[in-house]
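Reading through the structure tokens given below for one structure.
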Amino acid sequence: MDSTVIGAYLDRLGITGSRAPDAAFLRELQERHLLAIPFENIDVHLGVPIRVGPAAVAKVAGGRGGTCRELNGSAFPALLTALGYRPVLLGSQVFVDGTPNFPLAHTVIRVDCPDPWLVDVGFGRDAPRFPLRLDVRGPQADPNGEYEFVDGPDGQVDLLRDAEPLLRVDPRPRALAEFLPVLRWFETAPESPFRTSLFCTRLTEHGRVTLRGDRLSWTDGEHRDSVTLGSDAEITAAYAEHFGITLDRLPRIPDRPEDT
């Protein structure tokens, strides 16, 4: 990452000045990232390939969000490396109805500084607000729930949220290229959740704001509300107002008939 890209990325996070690559700064970086940069799959519905590596870094520094391969797999590790950390990519399975799905379904990051931390800025509402200690067994309190690592099969580690299984993490370091076949499935398979749903979501100070198709919803403490946006102009304005995203054309909303 050159200094211009680093500067643009840090500007999005609202971070100025140099800091030591320690656990306190890592905690701040993850929270700022979740507050500023949305988890979104807009490009899938624009017919634009999901970007990884330097292209994903440029996308995020330039004002967009991304999927877990773009955020956890590419952009945030590149920023962490530029700031003096040594991030390692790990693969994980996502629990669906109590059962883990396929290997490498989700990318997470391990950062040792010096204790091992699990970092995740690309998972949406179930992800913790702050990094979690990978080597701790027992509850870890977080504003987004109570998390706990428990030993899983074959040396893997299961992450629970509020006593419900969330992820099964494989501790073996992975290269970004290992995630690409699964990424292409997410991108192209008709049954992929990226194909069947259009979403853009980010953390707020006291809750979350999400645009799913034309449905804008938000939480603020115990208060929850939502509204259906009635026009393309309203959807365009919502992307700009709530996510800082400017689009020259809107993504197609799944199951909505094409204009004729």
Side-chain angles (χ1 to χ4, degrees), residues 5 8-9 11-13 32-79 94 105-108 120-127 176 179-180 182-204 207-219 226-259:
V5 175
Y9 204 151
D11 283 346
R12 287 201 72 192
L13 304 187
R32 294 286 191 94
H33 205 288
L34 292 170
L35 289 168
I37 298 175
F39 176 53
E40 48 102 337
N41 70 338
I42 295 169
D43 280 351
V44 172
H45 299 278
L46 289 174
V48 176
I50 294 175
R51 285 162 267 191
V52 296
V57 179
K59 176 182 177 180
V60 172
R64 283 285 302 277
T67 64
C68 82
R69 270 41 168 199
E70 292 168 300
L71 301 180
N72 284 343
S74 300
F76 200 39
L79 180 64
V94 180
H106 180 55
T107 310
V108 292
D120 194 338
V121 295
F123 194 56
R125 66 179 184 179
D126 291 330
L176 179 59
F179 294 96
L180 297 186
V182 175
L183 170 60
R184 299 310 168 209
W185 180 87
F186 274 112
E187 204 171 21
T188 61
E191 67 273 25
S192 159
F194 283 6
R195 299 291 302 175
T196 59
S197 179
L198 168 64
F199 59 83
C200 185
T201 182
R202 70 170 179 85
L203 187 72
T204 65
R208 176 166 292 276
V209 59
T210 300
L211 180 57
R212 190 173 292 275
D214 58 0
R215 188 75 174 173
L216 181 68
S217 60
W218 58 93
T219 61
S226 64
V227 62
T228 299
L229 304 177
S231 68
D232 286 355
E234 289 181 332
I235 295 172
T236 300
Y239 277 121
E241 177 183 353
H242 298 288
F243 307 101
I245 293 177
T246 301
L247 297 172
D248 56 9
R249 62 187 176 100
L250 288 176
R252 179 181 177 275
I253 299 175
D255 299 327
R256 173 188 278 188
E258 295 280 11
D259 293 335

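Note that OG1 of T228 and CG of D214 are 5.5 Å apart. Values are rounded to the nearest 0.5 Å. For the atom pair OG1 of T236 and CG of L247, the computed distance is 7.0 Å after rounding to the nearest 0.5 Å. Considering CD1 of I50 and CZ of R69, their distance stands at 8.5 Å, rounded to 0.5 Å. Expressed to the nearest 0.5 Å, how far CD1 of I253 lies from CD1 of I235 amounts to 4.0 Å. Note that CG of L216 and OG1 of T210 are 8.5 Å apart. Values are rounded to the nearest 0.5 Å. In this structure, OH in Y9 is found 2.5 Å from NE2 in H33, a value given to the nearest 0.5 Å.
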| task | Report the C-alpha distance between S217 and R212 in whole Å, list the side-chain angles of each, state the deciding distance to 0.1 Å, and finish with yes or no for side chain to side chain contact (heavy atoms under 4.5 Å, CB included). | result | CA-CA 8 Å; S217 60; R212 190 173 292 275; over 6 Å; no
| query | Which is it for F123 and V108 under the side chain to side chain contact (heavy atoms under 4.5 Å, CB included) test, yes or no, and what are the steps along the way? | reply | CA-CA 9 Å; F123 194 56; V108 292; over 6 Å; no
| message | Walk me through whether D120 and L34 qualify under side chain to side chain contact (heavy atoms under 4.5 Å, CB included). | response | CA-CA 9 Å; D120 194 338; L34 292 170; over 6 Å; no
| Stepwise side chain to side chain contact (heavy atoms under 4.5 Å, CB included) test for L229 and L211 | CA-CA 10 Å; L229 304 177; L211 180 57; 3.9 Å; yes
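Scanning for side-chain hydrogen bond (donor to acceptor under 3.5 Å, both in side chains) contacts around R202 gives an empty result, with sequence neighbours left out. Applying the side chain to side chain contact (heavy atoms under 4.5 Å, CB included) rule to L176 yields the partners V52, S74, L89; only residues at least two apart in sequence or on another chain are considered. Under the rule for a salt bridge (Lys or Arg N to Asp or Glu O under 4.0 Å), the partners of R184 that lie at least two apart in sequence or sit in another chain are E187. In terms of the side chain to side chain contact (heavy atoms under 4.5 Å, CB included) criterion, residue partners of H45 (sequence neighbours excluded) are, by chain and number, N41, L198, P251, P254. For E241, the side chain to side chain contact (heavy atoms under 4.5 Å, CB included) criterion is met by no residue, not counting sequence neighbours.
In this structure a side-chain-to-backbone donor-acceptor pair under 3.5 Å is present from R249 to L46. The main-chain N or O of I37 is never found under 3.5 Å from a side-chain atom of R12 such that the two would form a donor-acceptor pair. Judged by distance alone, the side chain of N72 and the main-chain N or O of V121 form a donor-acceptor pair under 3.5 Å.
The aromatic ring centres of H106 and F186 sit 6.0 Å or more apart.
Shortest non-hydrogen contact noted between V57 and A78 is CG2-CB, 3.7 Å. When all heavy atoms are compared, the tightest approach of G122 to L71 is CA-CD1, 4.1 Å. Closest heavy-atom contact between I245 and C200: CD1-SG, 4.0 Å. The minimum heavy-atom distance between W218 and S226, with the atom names listed, is CZ3-CA, 4.2 Å.
Side-chain contact, T201 with R208: a donor N or O sits under 3.5 Å from an acceptor N or O.
Note on ring orientation: taking the six-membered ring where Trp is involved, the planes of F194 and F39 are perpendicular (angle over 60°, cut-offs 30° and 60°).
Sorted by first then second residue, the side chain to side chain donor-acceptor pair (under 3.5 Å) pairs that include residues 48-64, not counting sequence neighbours, are E40-R64, D43-R51, D43-K59, D43-R64, K59-E70.
In this structure, T188 and R195 have side chains that are not in contact, with every pair of non-hydrogen atoms separated by 4.5 Å or more.
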